[in-house]
Structure formats: C-alpha cells, structure tokens
4 protein chains.
Amino acid sequence: MKATVFYGARDVRVERVPDPELKSPTDAIVRITRAAICGSDLHAYHGNMPVEPGFVLGHEGVGVVEEVGRGIAGLKKGQRVVVSGLVACGECFYCRRGQPSQCAKAGSAVFGYGKNAAGKLGELGGEQSEAIAVPLADYTCYPLPDGVDDDAAVFLADILPTAFFGALNGEIHPGDTVAIFGCGPVGLCAVLAAHLFGPAEVFAADSVGYRRDLARDLGATAVDLGEAKQKILDRTDGRGADITIEAVGNEGALAAAFENVRGGGTVSMVGVLGKPSYDFPMGLAFQRDLTFRVGLANITAHIPRLATLIEHRRIDPRPIISHTIGLDETPRGYKIFDAHAEGAVKILIKP
Amino acid sequence: MKATVFYGARDVRVERVPDPELKSPTDAIVRITRAAICGSDLHAYHGNMPVEPGFVLGHEGVGVVEEVGRGIAGLKKGQRVVVSGLVACGECFYCRRGQPSQCAKAGSAVFGYGKNAAGKLGELGGEQSEAIAVPLADYTCYPLPDGVDDDAAVFLADILPTAFFGALNGEIHPGDTVAIFGCGPVGLCAVLAAHLFGPAEVFAADSVGYRRDLARDLGATAVDLGEAKQKILDRTDGRGADITIEAVGNEGALAAAFENVRGGGTVSMVGVLGKPSYDFPMGLAFQRDLTFRVGLANITAHIPRLATLIEHRRIDPRPIISHTIGLDETPRGYKIFDAHAEGAVKILIKP
Amino acid sequence: MKATVFYGARDVRVERVPDPELKSPTDAIVRITRAAICGSDLHAYHGNMPVEPGFVLGHEGVGVVEEVGRGIAGLKKGQRVVVSGLVACGECFYCRRGQPSQCAKAGSAVFGYGKNAAGKLGELGGEQSEAIAVPLADYTCYPLPDGVDDDAAVFLADILPTAFFGALNGEIHPGDTVAIFGCGPVGLCAVLAAHLFGPAEVFAADSVGYRRDLARDLGATAVDLGEAKQKILDRTDGRGADITIEAVGNEGALAAAFENVRGGGTVSMVGVLGKPSYDFPMGLAFQRDLTFRVGLANITAHIPRLATLIEHRRIDPRPIISHTIGLDETPRGYKIFDAHAEGAVKILIKP
Amino acid sequence: MKATVFYGARDVRVERVPDPELKSPTDAIVRITRAAICGSDLHAYHGNMPVEPGFVLGHEGVGVVEEVGRGIAGLKKGQRVVVSGLVACGECFYCRRGQPSQCAKAGSAVFGYGKNAAGKLGELGGEQSEAIAVPLADYTCYPLPDGVDDDAAVFLADILPTAFFGALNGEIHPGDTVAIFGCGPVGLCAVLAAHLFGPAEVFAADSVGYRRDLARDLGATAVDLGEAKQKILDRTDGRGADITIEAVGNEGALAAAFENVRGGGTVSMVGVLGKPSYDFPMGLAFQRDLTFRVGLANITAHIPRLATLIEHRRIDPRPIISHTIGLDETPRGYKIFDAHAEGAVKILIKP
C-alpha cells in the first residue's frame, strides 16, 4: 500500500510499504478513508522527535474495518470507525478511571511517532497511509454514527478530544471567562470545546490574522497576543481569566497562560512543549493559588460523547478544515502547514 | 403607593397601600421599574396558598435603590438592582455553602406569598407594586451591569436562577440528553439553562402548541407530551434521557420525568407541586438507581453568573416575554396567564 | 451439589441440586468457600418476592475458580475470588460510567432471587450452595488479594459495596454529620463506609440494643430511635444531619431519615423497601431543598477499592459477623436472623 | 506590650512595642493566649524574605477578644477565637468561592511577614506577641467551641488548614495511596488531613528519625527518603502513589513528589519554595498526565470544618507539639526549631 514515510527533517515521501497484518487476536485492519496532518506531527517533521527513517507518520484516521482478529467482540467487517490516535485496552485500572493515556496494557502508545511511541505494544504504524493495523481494536476503534461524516470524524482521532480534555481539565463553570492561547487546529477545537461548559466569554489569542478570524467565526473573542492581557482584564473586573488554555506548545504561549489567569484559577496545557523541562513561575503560582494541568490527552475516553455532540450538530469542527489533499500530496501538505502558507489550518488527506 | 393586592381566589386588585419603610439598618427601599407574574403566583391566585387578604403579591422585581439603612455597605442610592425573590444574609452556614434558600437568618423567606412565607423575618411585602422594602439588602439586591436591561433582569429575580438550579441539580455533562417537562416560563428558562452544560439534545415537552414553538426557537427539540417517550427512546439508543427536569409542578409532568429518565439518571424538579406529599415510584427508582432533587432554589447564589451570561449575550430570556403591561393591568395579566390565553407566557409589569 | 432451596414463605431446605455448568464462553464456575445470608434475602424468605419454589437462594459468595469458559481473559482455575451479587459486563455505556447496576448486557441481574431477577441473562443461580455458574465472569468475579480472608471478602459481594454506595451518594465532606437509620448488617457496614469520608460524627440509630452496641464499637454515636432527633439537633446547632442514610428498608426508618436531615442535605437510601411506591414528603423536601437517592447499588464498581481498604486494614467488617454455620444449617440461620434471635447480625455459611 | 521582633538573619528579640489599636470599624483587638513558630517563619528568620527590622513576627495565634470596632457584627468582647494567619473579608468574589487567599479586599494578606505581606491592607502586625489588631475580624477570627483547647486551636491558624488544603487539592478518594514528602509540622498535619479522605495507605517520608516516628504514630507508613520509591511501588502494583504532597518547600522533596506519583495523578504542594521559579519536569508531566497544584492556602475557608473535627476528636494535632515556651523564650524556640534540635517539631508560645 501507499503511505507517508519519514526520511529526515523536512523530508517526508509517499511510497509503497508492506500492507498491515493482523498480529494479535485483538487487532483489526482498517482501510483509511480520511487522515490528517496534526500540529504535533510537525515536531517529527522538524526532526525533533526520535522517529526512525522509514517509519510511516500520522495518528489521525477514519476508515472502514477490513479484517478483525478472532478476539474482537464489537467490530465487524465493513463498519465505519474512527481510530483513536492513542491505543488503549479499555479495561485496566487506568482505562476504567477514564485515563487511557496511562493504559496498563498499552502504556501511552500512539500511532505514527516511531518505535519509541508504541508504549508497551512493541510496534505501531502510521495513519497517513491506505490502511493501518489497530491493536486492542475493540476499544481503540469507535464505530461512527451516520450523522458524523468522515471530515468531521477525523477530528475525533485526536485534536477534538485533546481540546476537550484541556477544557475539562480547566473545570469551566457557567459564566466563567476562558482564554485560549494559540488558534491553530487544536486551539480552534478548544474554542468549540470550551463553549460546551457555558462560559460567558472565550478569548482566543493568536498573532496570525486568518486564524483569529476563524476563532471569531467559532464564537470566540479573538485578540492579538499583544492586546490579550488588557482586554481580558477589562472584561473581568481586573481579575484575569478563570481558566487559561495553552494550545500551541511553546513557552511564550505558556507564559501568557500563566500571566492571564486569575488567582485561584487553572492553567490547562494541551500543546506539546517537546522539551523535558520548563521554567515554572513558582512564586506567582504560590501567591495566586494556581492549578496546572498537562498531559497526553485521554482521547479514547472522550470520543463517544464528542461523536454524539457532532451527530446532534452541537459541535461542528469542519470549518477548521482548510485543505483536503490526496495521499500523494502529503509532502506539500506538511510544507504549507508548517509555513502557515495558503491559509493552512487543518489539512485532511483522502487516500 | 399602588400595589397588586390579593383579595381571594381569582380576585386581585390594584390599590393604594402604605409606602414601604426601612425597619432595620440592613434594609433598603427599591423603587420597582419592572416586575412580573410567576407561575407559582398562580397557586396563590387559585386560593391554594395561605395568603392573607390584603397582602401584596409578587416576588420578581427590578428597580432603583431609593434609600438604604445605615448598615448597608455595598448599595448606593440610585443604583439599578434586581431583587432576589428569596431573602438571605449571604454570611451564615448555609449561605456560605451556596444554599441561601436555607439561610439561618432569613429562613426560606420569599416576597409576596403572605406572612407565612417570611421565614424568620416576620414580615415581607410583594413586588407587583411601586416599591418594596428589602431586608438583608446587601446580599438580596444585586447591582446590574449596564448590559442587562430591565426586561432581561427581571428573569434574574426568580425563574432563570430557579431553572439554572434545576439544570445544575441534574449534573448535566457534555453530550448528555436532557428532557424538560413543561414549557411555561420556568420550563423555557430551563431550556436556556440546560444548554449551558453542553447537552447533545434538549427535549422540551408540552401540550400547548405555542409554547412548544417557543421551546423550539430556544434550541430545544419540542415534543407533545404524548409522543415524548418514543422520541426520547429513539434518540438515546433506547435508554431514556440522562436527566429529566420537571418544570410545571404537577403530578403528570413528574410522572413523565420519572418515566423518561435512564437508569442511573437524575430527576430534577423545579416546579412547585403545592401538595405535602407525592406517591413516589420507589420500585422504579430502586431498580433504576435514580437521584431525585427538589427544592426552593438557591436563587441568590446564582444571580451573579447568570447576570454575566446575559451581559455577554450567552443567554437571552427576553423571547419568553409575551406581554408587558402597566401595574393597573395586573388583574388582567393574571387572568390571561392563568388561562393560557392570548399566547401568554411571561408577563412583565411596568409600574 | 448441595444448595439452599426456597420452598415457600419461611420454608427453605438444603437439598441436592444439579451441578452448575458453563453455558457461555464468558462464564466461570466458582466453588463456594463462604456465603452469607443477607437482610434482603428475608424479603424472599417472607414470601414477598416472586421467587419460584425450587430456586436456590443467596447472592453473596466467595470461592475458588473451578472452570472458565474459553472467552475468559483474566481469571484462572484455582484463583480465589469474590463473586459480585450483581452481574455486569464491565464494558457497556453504563458499566463504563461506573453504573453496572444498569448494565446494558446483564440488565440489573442478581443471583438468588428467582428467574425474574436475572435481568437480560435468562437464568442465574443462588450462592448459598456449593458452587455457582457466574456469567460475564471477567468483571463479575474479582480476584482477592492475600490480605483479604474469606470472612472479610464475603462482605464485598454485596453489603459493604452497597453501604459504600449509600455513603458515596450522600456526598459526605470532612466535618459533616451523618445519621444512619438501622444497625443491621448493611447499616453497620454504612458506619464503616461513612467514616471513609472524614465525618465529624456518625449517628447510628436502632431499637435493638446489641446492634447499637456493635455500632458504637465501630465508631458511631449509637442512639435509640426515639432519642435520635434531639441528640442530632443538639450536636448540629439545631440544623440536623448533613446526610442521612436509610439502611433498613422500612417506612419508619425512611421517615426518620427525612425528618433528621438538614436543609440542603441528602437522604440516601440503601435499604430495599420492597413496595412499588412511597408517600414522599414533597412539601418538606421542597422547603428544605433535599436530594433523595435510592438504587440497586453499583456493587461491582466499588469492589476493587474496598478490597484494597480491607487489605490495608482501614476497614474491617468481620466484627459484624455473629455466626458462621455449615450449609446444612442454613434453615436455622434464616430463622434466627429473621427473629433477631441469639444476637444474630451477619450470618456466614461455610459450605 | 511584649513581642517577638525581627532584627536580621537569625536575630529575633523579645521587646516592648506599642499596643495594637483599632484602626477601622471592622477591626478587633485579640489578646494572644497561644502562638506558635511556623516552618515558614524560618524563611524570614534566615533573612530570605523582605521583612523590615523592627517588625513583629508570627502568623499563628489563639486568644480572647478584647475590643471590637463598631462595624463588627459577630464577635464579642471576651470571646475565645483563633485568628486566621490569612486576612480576608468573607464576602468578595473570591471569598464566596472559598478562595480567601485571593480576597479582593485584603489581597493575600498575612500577619507577621513584614509590610509587603499586608496585601491591600497597608499594615499588619505579628502574633508572636501579647496582642494583635485583626482587620476584617468578623471573618478572620473564628470563635472556638469549648471542646477545642488553645493548644489544638493554634493549629487552626495556619498549618492544619494548609495541610487540609493540600490534601483537598489532591482529590483523594477512598482506597487511594497518598505519599507525603516531609514530616515537619505541616507534613504531619498533612498525615492527619489525608486520613480524612479514606486512603488505603499514607506514606510519609523524611530523613529525620524522630519525625518519622511521629508520622508513624499518626497512622502513616513512615519511610526514609531513600527507600520511599521502592516501597511505594511495591504497595501500588508498580504504579506509584495516586497523590503526592510536598510538605517541606524544597526542590528535593518536590522532585520526589513528581517521581513517586502515578500516571494521571496529582502533585499537591503545600511547602513554600521561596524561589520565584522551578525547573518543572514537563516531559514527565505530559507523558504521565499530571495535575500540579500549589498555593497560599485558603485557610479561613477551612477553619470551621477542622474546628468541628477537633471538637469531635476526629483529628488531634496536639501530639505534634514538642515544646511550649514563654514569650521571652521565643529566640531560643527559633534556634532549636531551625536546628531540628532537642526533638523540636511544633513549638507553641504561651505569652
């Protein structure tokens, strides 16, 4: 089959690779009908993650079940599913607590980031390809309702649950003010997710104009980074936002998240910093009684409710799509997404 | 001043009564600019509550502070405020827990229902009048932001916080299905309030067509009472609603709320039954593991966040207003509201 | 094998019945090493439940896995397990929410109450016997840690998780006052469970002296039913208990639970009333803003944490055991338990 | 009056200073009957905080109301009270949310740390003295029940509520494993507080033997710092503690707290680091999905429930007292507390 293969920094190619195969009774093979490029794929694309040359990229995919292992109970051939970017068993200590990112069986295993990202599973492929072998498929695949088309469903594989996880971690209450730093795809999904908790106002800050425009279309008060602080103070009696969400994965956005949260509030981080440590503002956090939350999102736990919300048209992530390209065009997709060129936001791939 | 005086069942008159006076250092006098007729006023109107002839009715009011006692710290003459229908101190064991309906100082004291409804306060007037003396006014009055006009603000005195309390008691999570039984003013406010918690679908059931139309305009899936059960089952994989809200105060609606909730769900009652006991479906509740919540709403605790939500245009209760009448017309207002005549829903009074 | 067979009101006999067999790949056969008689078995014993003559009684059991179906993943022959009195799949919409009592696959299925109690499973046996066939055994059986002996473990099959469920439903906070009505086995377990939430005081009311003594030994302030109200008011500034728990299943105890809860508090019912309806004090509940919770407990969801607490000696239910009898003596066990004779509290059976 | 005056690093003296005076109608004068030396006083003692020479130290005090301003509603002369180390109004946006450490009126104001620590109040004294002027005294002073003697009550001024706040921030559930790093007075109070949430096991780690002994006496599994990790893994199926609490305020203890928490767990910090920033383990926190909470504790909000728990003998902090000295001996008290000499743990002062 064809797949998007990593060769080195800024060098990805579409090539023929061996077809995926069932290796365990709880695997399923899914033929991909829609994949996507994620902001965190750029860490690999930039050569900042230990991905092996020759590895297939991608952890967002929707498709049709082609084959199932004999231990599979809930999936059938021909069924349309979203494949969670995170693999988990659904039954261990962690999964039962709604924390599949810590799954005792899979161990923080994600598709498409190289062999080191396979957790306890030994091996995982990538989804920017024609097909994928999905381990622990009964829980990792989620059958899609008719009302959720492939374009919307591909958001369920990672960035919409990740953004929801970030909003949930913020413990937003009705009437609260939320400020999101970063209006890339995951930040825009956070705008959608934050609105599920009844906030009075959702600020969305970014330095890129067309992304601010999109945030505004999705219901946020869009602000340039430089003006965020004053505008937030003006609208919150000088207190700051009840909850701030970092949605980029860089230190400037995280500093802004700490600077703009009110005393007693929460800073929730969904961006991936990609560095082992961070100069945490401990004095400020102590004086202001802050909660800080960060983590590989519990994606699989949140897919069902988000699928229902899309089905009932309470959430529609499709306006975030800027391009839909063929699998052969993936290298160009990486290039324009990385450069914020051609108005790139979420780029889908139709194999 | 002029006021709406109760004389007996279905006999209310607008007459001159003595002006209200400060009786305690923590009182304030508020000149009413907007009042309203509430569904629960009908219990008095029907003669089913122990209201003394000669008593002034009404517990929903917005106005301007005219005079304050010397113990008042936060209110000033000329300030525009909403007067909570429920009087509370804001400082006792209960108020600090967010349960002002049980205030240790005021004791479940509400305006406009006769002497027995004054809790521990001895005496309280009614707000369908030109002015009112407000005890414990620092907490019972809430200063209004400019962005909340009188028409919207009068909903803050009771029915919007009451509906919010009902939704909050339901512990709605994003993606849940909510079913509201009754599309009178408080049921319609519950439609608004339920949406603050990110439900996938809000059903609103009523037998009156024009009220169903309003519910639909506010975002609900409006259904006739007879068809509610089947439609809810169809949309919830046969489970029933995660949360049902009784918003009328009659046994039929409450029976429907129990019948349509899923196992492990919550029945939240905001209607006032007006009877001392109810034939509770214990076998069903046991088998289905149900939570039932009912109570005089903690109105005052929820006014601030709801005022903020109106100010930011996240909630707009004004479409629920069907009539705005002068104080002299209050008797007619009661009549059409009681009869569901002339498309009556929420009737405001402009003294 | 031998088993305790129901013949009619107050007529149970120990007889030979066919050995249990695997009927589905997800079944397991467990050889019972410890069973018990439960307060709710008395509803059957009194002839007040539709149990068919010839049916084997009992829903509390600990034992050793003797045989497993080929679909079983987590159990092995020879493993010591507690069998949850409630059968559930662990994977459906309800089980994932921690509500196995509503399991989509099993449907409120309990052992030992006749064919009608088998939920969607068609058939279930009873555990006051030498062996039992357990459906959905991967979730319904819980492997026991070494530190939990059979005597303690049999409490995990029903009454300790049921009591914990009742305490959890009460949402007890540190410093709260809890009042438990009924000091039978489940009420005594509620004394243990309530203490896990850091209450300032746990009242336990019963009219039977030796049961009050046991409650006192377990840390409660034991009171006679007649003096409960005054003593609770005296110790709560005249407010009443924050949470009351009904632990008998009769209307007097439930009335006391409503009478003794403070405004804004919760009445949690773990007793089984055994009647389809109840004359609910709606006026009181409205005026006092009450939450009422009742349900077939989500036993299986709470077994792991309670087993851990027993293992670490934070909870020890064994003082509640008054008798340990052989399987042949079960008829006598029912008799003395029913009569509160011979100091009967929890009666264990050692087949 | 006499008071403990700061002169410079390791130089505190007991001297005569002017008597405190009422400066605002909401002040009260409290004559101190019991004060204490706190671990965070050592930051001042070491010269690491900007305390002005001549300033009176101390933020923990119990005493008798001597005089009240005319705006005081709830306190009377002669009443025995604990004075919260943190001053707050009890009525603002933050106080109503249970976050008095962010009080809009007082602004993170604490006694005894110099002029910079007075928040928005301009000036505050210290409590290691014969008397203190307490601003916003209706909320900042808490009247003591008879069952709470001065020795126990002085723990309510700071370290017991601070430790409770740390345990609360951990969101401990029944059956969880908690690990506390540091067995100084606040760490030992954390042992008491953590037990209020029903944990299966509370580890307490310290390198000082006599402090580990005390932790063991209070119910913890005491471990040396070096052996903590292995012992915790052994008892948690290799996962780590569900919640870790840093209770010293140094980087080693905080590193241990991060190293020993399980995936999806919470690190709650109650020690005061005394440095503006910290090298936060972001990679670990991301991979393991962690929550980190730190803050000036919401002391005043938690005093009532903790006083009740002491009154009912559910918590007794008095075993943590190692010395009770006269006011003249305060300099020696600082010296032995700082040196961990003479078995010093909590040192009380009896003026």
Side-chain angles (χ1 to χ4, degrees), chain A residues 40 86 92-95 97-104 107-108 110 117 119 165 169 171 173 236-240 242 249 251 254 258 262-298, chain D residues 40 86 92-95 97-104 107-108 110 117 119 165 169 171 173 236-240 242 249 251 254 258 262-298:
Chain A
S40 44
L86 175 82
C92 69
F93 172 92
Y94 292 103
C95 286
R97 270 171 168 71
Q99 302 182 317
S101 82
Q102 308 300 312
C103 175
S108 305
V110 287
F165 168 78
N169 272 353
E171 295 189 23
H173 291 92
T236 57
D237 269 342
R239 286 190 301 263
D242 298 283
E251 291 172 290
L254 186 51
F258 276 104
R262 71 161 170 85
T266 294
V267 175
S268 174
M269 183 170 189
V270 294
V272 181
L273 187 59
K275 296 176 65 175
S277 73
Y278 170 70
D279 196 37
F280 189 89
M282 187 64 86
L284 176 85
F286 172 74
Q287 196 68 28
R288 308 201 75 187
D289 179 20
L290 300 185
T291 296
F292 176 63
R293 285 181 154 165
V294 61
L296 182 60
N298 292 307
Chain D
S40 44
L86 174 82
C92 68
F93 172 92
Y94 291 102
C95 287
R97 269 172 169 68
Q99 301 183 317
S101 82
Q102 308 299 313
C103 174
S108 306
V110 287
F165 168 79
N169 272 352
E171 296 188 23
H173 292 92
T236 57
D237 269 342
R239 286 190 300 262
D242 298 284
E251 291 171 291
L254 187 50
F258 276 104
R262 72 162 169 84
T266 294
V267 175
S268 174
M269 182 171 190
V270 295
V272 181
L273 187 59
K275 296 176 66 175
S277 72
Y278 170 70
D279 196 35
F280 189 90
M282 187 62 87
L284 176 84
F286 172 74
Q287 195 69 26
R288 307 200 76 187
D289 179 21
L290 300 185
T291 296
F292 176 64
R293 285 180 155 166
V294 61
L296 181 60
N298 292 306

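From a predicted model like this one, the values you see are computed outputs, not experimental measurements. Excluded from the calculations below are hydrogen atoms, water molecules and symmetry mates; all remaining heavy atoms, backbone and side chain alike, are included. Protein chains get the first letters and strands the later ones, always in sequence-line order, with residue 1 at the start of each.
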**OP:** Using non-hydrogen atoms and a 4.5 Å limit, figure out which bit of Tyr278(A) sits close to chain D: side chain, backbone, both or neither.
**Re:** both

Original post:
Side chain, backbone, both or neither: which part of Asn298(D) has an atom under 4.5 Å from a heavy atom of chain A?
Top reply: side chain

Subject >> Heavy-atom proximity to chain A below 4.5 Å, by part of Arg97(D) >> reply: side chain

Subject >> Validation row: Leu273(A), Phe286(D) side chains within 4.5 angstrom (heavy atoms) >> reply: no

Original post:
Tell me, do Leu254(D) and Met282(A) make a side-chain contact under 4.5 Å, heavy atoms counted?
Top reply: yes

**OP:** Give the ring-plane orientation class for Phe292(A) versus Phe280(D), where under 30° counts as parallel, over 60° as perpendicular and anything between as tilted.
**Re:** perpendicular

Original post:
For Gln99(D) and Arg288(A), does a side-chain donor sit closer than 3.5 Å to a side-chain acceptor?
Top reply: no

**OP:** May I ask you to name which of Thr291(A), Asp237(A), Thr266(A) has the most heavy-atom pairs under 4.5 Å with chain D?
**Re:** Thr291(A)

Original post:
Roughly how far, to the nearest 0.5 Å, is CZ of Phe93(A) from CG of Asp242(D)?
Top reply: 5.0 Å

**OP:** Hey, could you give me the CG/OG distance between Asp289(A) and Ser108(D), rounded to the nearest 0.5 Å?
**Re:** 9.0 Å

Original post:
What residue in Pro276(D), Gly283(D), Gly238(D) has the most heavy-atom pairs under 4.5 Å with chain A?
Top reply: Pro276(D)

**OP:** Say whether, by atom type as modelled, one donor and one acceptor occur between the side chain of Gln287(A) and the main chain of Gln102(D) under 3.5 angstrom.
**Re:** no

